[in-house]
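Per chain, numbering begins at 1; letters A, B, ... match sequence-line order.
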Amino acid sequence: MYLEIQREILARFVGAIQEVFGLKIDAPVPDFPPSVEMGDLSIAACFELAKQLRQSPRKIAEQLVARLLPLPGVERVSVAGGGYINFYLDRAQVASGLFRPRTSPPKHGIAAKGKVLVEHTSINPNKAAHIGHLRNAVLGDTFVRLLRFRGNPVEIQNYIDNTGVQVADVVVGFVHLEKKGLEDIRKLIQDPFIRFDYYCWDLYARVFQYYAEAEDALALRAEALKAIEEGHGEMAAIADLVSTAIVRKHLETMERINVRYDLLVEESEILRLEFWEYAFEVLKQSGAIRYEESGKNAGCWVMGLAEAGNGETTDEESGSEDVKIIVRSNGTVTYVGKDIAYHLWKFALLGRDFGYQRFHRYADGQPVWRTAPDAAAEAPAFGRGAVAYSVIDTRQSYLQSIVATAFRALGFQEEAANLHHFAYEVVGLSPRCAEEMGLALTAADRQRSYIEVSGRKGLGVKADDLINRLVEKATQEVQARQMTEDPAEQAASARMIAVGALRYFLLKFSRRMIIAFDFKEALAFEGETGPYLQYSVVRARNIFRKFQESHPDFNPQRLGELVSANQLKMFLGGKDGEAFWELILLAAQLEMVADQAIAAAEPAVVAKYAFRLAQAFNNFYHRYRILSEADPARQNFLLYLVHLVNESLTRTLDLLGIEVPERM
RNA sequence: GGGCGUGUAGCUCAGUAGGAUAGAGCAUCGGAUUUCUAAUCCGAGGGUCGGGGGUUCGAGUCCCUCCACGCCUGCCA
């Protein structure tokens, strides 16, 4: 509704320019006046046109104004300042339009292209997840929710690097440090008193200590890696057992924070199905990669990066060009090579497909599929995306750009343009937090804004430890308030509050900001936090609950019928009209905000919006008493307002993956 | 050396492809409703938007330059 009005206004403006001045312009970007007294939407384009039209901006604006009305949803138009055109919306119409269920948006933008593939989480399956992984998953999951909200078909993929060095390292640990075989490890996994992912976390750190101390230890790693890649023998079996068990733990952890997947894509299947060999052929034939006969990269297949669009990368003095090795001189392929093959598959450019098998079922029955040799006939059509987003931390920007370079070298210009690296910054530890975790810091370290986590040192905050601490704290808060005696409701509320706090904490920073993790901030439930947002919704619902006690027939969904257009007009134009209207206007902007968040691939935009809306509502909540309102018409109007905000805010929180408890 | 990113209040961060008076949370201080439960609200102090040039009617936002910090620049991922 609101977006449609906005589009109409901009289109009419473009039309008016054409009529009056015979000039064709692109639709201007709408601005928002500093306060609602000055209008609800503003166009500043007259300033730019002034020079071209040799007239003052104000004069241009004045000539246009008369031709802008009538417009649906717009009450009046004025010229302000040096030449702003300000539009005042028909408040009653917007308010009643908001009440209608929000329909799917028209097919435009990326929705028109086809299926969107979002790859996120993609944790190495060799140890427990940590906070950095949570940031990845929450960003990716929220982005998926946004895309779906705006009508895009989305498929969520989680890439499982089950044949990489990190898994090999843990295998080395089991085999050489612990002298464990397949059966021993299987018992370990089944042991209810051991958290297998935590066990591997510690083992992984021990392996690196061993690498540092033992002379030929790295040869063991190479040996393990080779065995795993070839898929034969006990080491490969151990790798499969370990990585599968860890993946199950990761799914459990992510399910706790409302993150789910459609498909797990396993690297072992990419190897087994020889996707790489096929991609290799295509890359060779197209000349995208070449064999180096001499020089420092002799014996390797490399890709030149001059065409990457990063400017001239040739080093003139040595005459050597900037290249990336794709196939090593020993014939093995690098990670980027496998990633190129994987991404070709995403766009159905590989000419072959995986088999699929159900891997997991969530409590409500929704399945998670994985790539598998023994294909199930009823598997959905995975892949074949039109657009792909890969949620991967910013340190891999260089490697991701190489995948796009390969696409272009192969002539897949359009697909390269639709391949997006959703880059985000890492989560470090605040120096104070690092010390809490038992790390010895130097004076210089303490001056740093953050300390890098290190899986190799075992330094980091495990995801489940953090979630547990949050649940613990939330439980205390819930019990202290004595909202309910029911332990089941207490537990449910505590979980929602903990997840709300965590997800909001990870979403409120824009993705290019390094988060210096600190328990004090992450465990905060007041101020700009998830629980604040949840509490706002609970307040709105409390009003309804209380009102219902004296009005048993009350149904908030039917409030729209109880408030007439005239009454809307009266209250929105009356004494407190501005305050009421600001709240409605904000609630009406959800779709606009979601579109902005998608365009910028920035979920933080929605998080900030949720906070602004909650803040506006809490302010309103304090200023106006609703249950004690004497005038029934005004009371209905106020209830209607609460309903509008409740709807918008609840929906916004759902986009953030945040649920709302019954009571707080 | 090159590429990318960051730099805004004491701290942590927003600032909508340039627009009207730079905002929020935390922290500090001072207030509010014996209620629709205070996980709340209101107010106060606190800013050379890293420095310097430039473009523009208009720059926190765009361009140039310099500074600081971080990441990447592996036959690791």
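The phosphate of B:C41 has OP1 or OP2 within less than 4.0 Å of a side-chain N or O from A:Y532. For A:N619 and B:C42, the shortest distance from a side-chain N or O to OP1 or OP2 is below 4.0 Å. Within the 4.0 Å cut-off from OP1 or OP2 of B:C76, at least one side-chain nitrogen or oxygen of A:R328 is found. One finds no side-chain N or O of A:K508 lying less than 4.0 angstrom from the OP1 or OP2 phosphate oxygen of B:G25. Close to B:U16, at under 4.0 Å from its OP1 or OP2, lies no side-chain N or O of A:Q589. A close approach under 4.0 Å does occur between a side-chain nitrogen or oxygen of A:Y535 and OP1 or OP2 of B:A39.
Both cation-pi conditions hold for A:R511 and A:F422: the charged atom is under 6.0 angstrom from the six-membered ring centre and inside a 45 degree cone around its axis. A cation-pi contact, defined as under 6.0 Å to the ring centre and within 45° of the axis, links A:K473 to A:F525. In this structure, A:R456 fails the cation-pi test against A:Y204, since its NZ or CZ atom is not both closer than 6.0 Å to the six-membered ring centre and inside 45 degrees of the ring normal.
Nearest to the side-chain atoms of A:E528 among the listed nucleotides B:A77, B:G25, B:C57 stands B:G25. Checking B:A17, B:C71, B:U40 against the side-chain heavy atoms of A:R395 singles out B:C71 as nearest. Ranking B:C41, B:G19, B:A14 by closeness to the A:H622 side chain, first place goes to B:C41. Checking B:G19, B:U6, B:A39 against every side-chain atom of A:R512, the shortest atom distance belongs to B:U6. Considering only side-chain atoms of A:V29, the nucleotide from B:A39, B:A17, B:C75 that sits closest is B:A17. Picking from B:C75, B:U16, B:U40 the nucleotide with the shortest atom distance to the side chain of A:Q596 gives B:U16. The side chain of A:R481 sits closest to B:A39 out of B:A39, B:A77, B:G19. Side-chain proximity of A:L399 to the nucleotides B:A77, B:A14, B:U40 is greatest for B:A77. Closest to the side chain of A:Y450, from the set B:C71, B:A20, B:U40, is B:C71. When distances are taken from the side chain of A:M38 to each of B:A20, B:G70, B:A32, the shortest belongs to B:A20.
Using a 4.5 Å heavy-atom cutoff, the side chains of A:E119 and A:N158 are not in contact. A:K127 is listed as a side-chain neighbour of A:Q166, based on a closest heavy-atom distance under 4.5 Å.
Comparing the same atom, C1', in B:C49 and in B:C62 gives a spacing of 16 Å after rounding to whole Å. Look at the C1' atom in both B:A20 and B:U12: the space between them is 29 Å, to the nearest Å. A gap of 49 Å separates the P atoms of B:G1 and B:C41, to the nearest Å.
Taking only distance into account, the side chain of A:S35 never meets the base of B:A20 through a donor-acceptor pair shorter than 3.5 Å. Under 3.5 Å, the side chain of A:S329 and the base of B:C75 form at least one donor-acceptor pair of N or O atoms.
Under the stacking definition used here (centres under 5.5 Å, planes under 30°), the residue A:Y84 qualifies as stacked on the base of B:A20.
Pair check for B:G23 finds B:C13; Watson-Crick or G-U wobble, both atom distances under 3.5 Å.
How far CZ of A:R545 is from CZ of A:F554: 12.5 Å, rounded to the nearest 0.5 Å.
Counting any heavy atom pair closer than 4.0 Å across all strands shown, A:D161 reaches sugar-phosphate atoms only and no base atom. Counting non-hydrogen atoms under 4.0 angstrom, A:I514 reaches the backbone sugars and phosphates but no base. If you check every strand for non-hydrogen atoms under 4.0 Å, A:A298 touches a base. Among the protein residues, A:T334 comes within range of the sugar-phosphate backbone only, with heavy atoms under 4.0 Å from sugar or phosphate atoms but none that close to a base. Among the atoms of the strands shown, none is found under 4.0 Å from any heavy atom of A:F544. When heavy atoms are screened at a 4.0 angstrom cut-off, A:F47 is found touching base atoms of the nucleic acid.
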Between A:Y84 and A:F47, is a ring-ring contact (aromatic ring centres under 6.0 Å, His included) present by the stated rule, with each step listed? CA-CA 8 Å; A:Y84 294 99; A:F47 292 100; 5.0 Å; yes
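Taking the nucleotide of RNA chain B with the nearest heavy atom to each of A:E477 and A:N86, the more 5' of the two is matched to A:N86.
Counting to the nearest Å, the C1' atom of B:U16 and the CG atom of A:L586 are 13 Å from each other.
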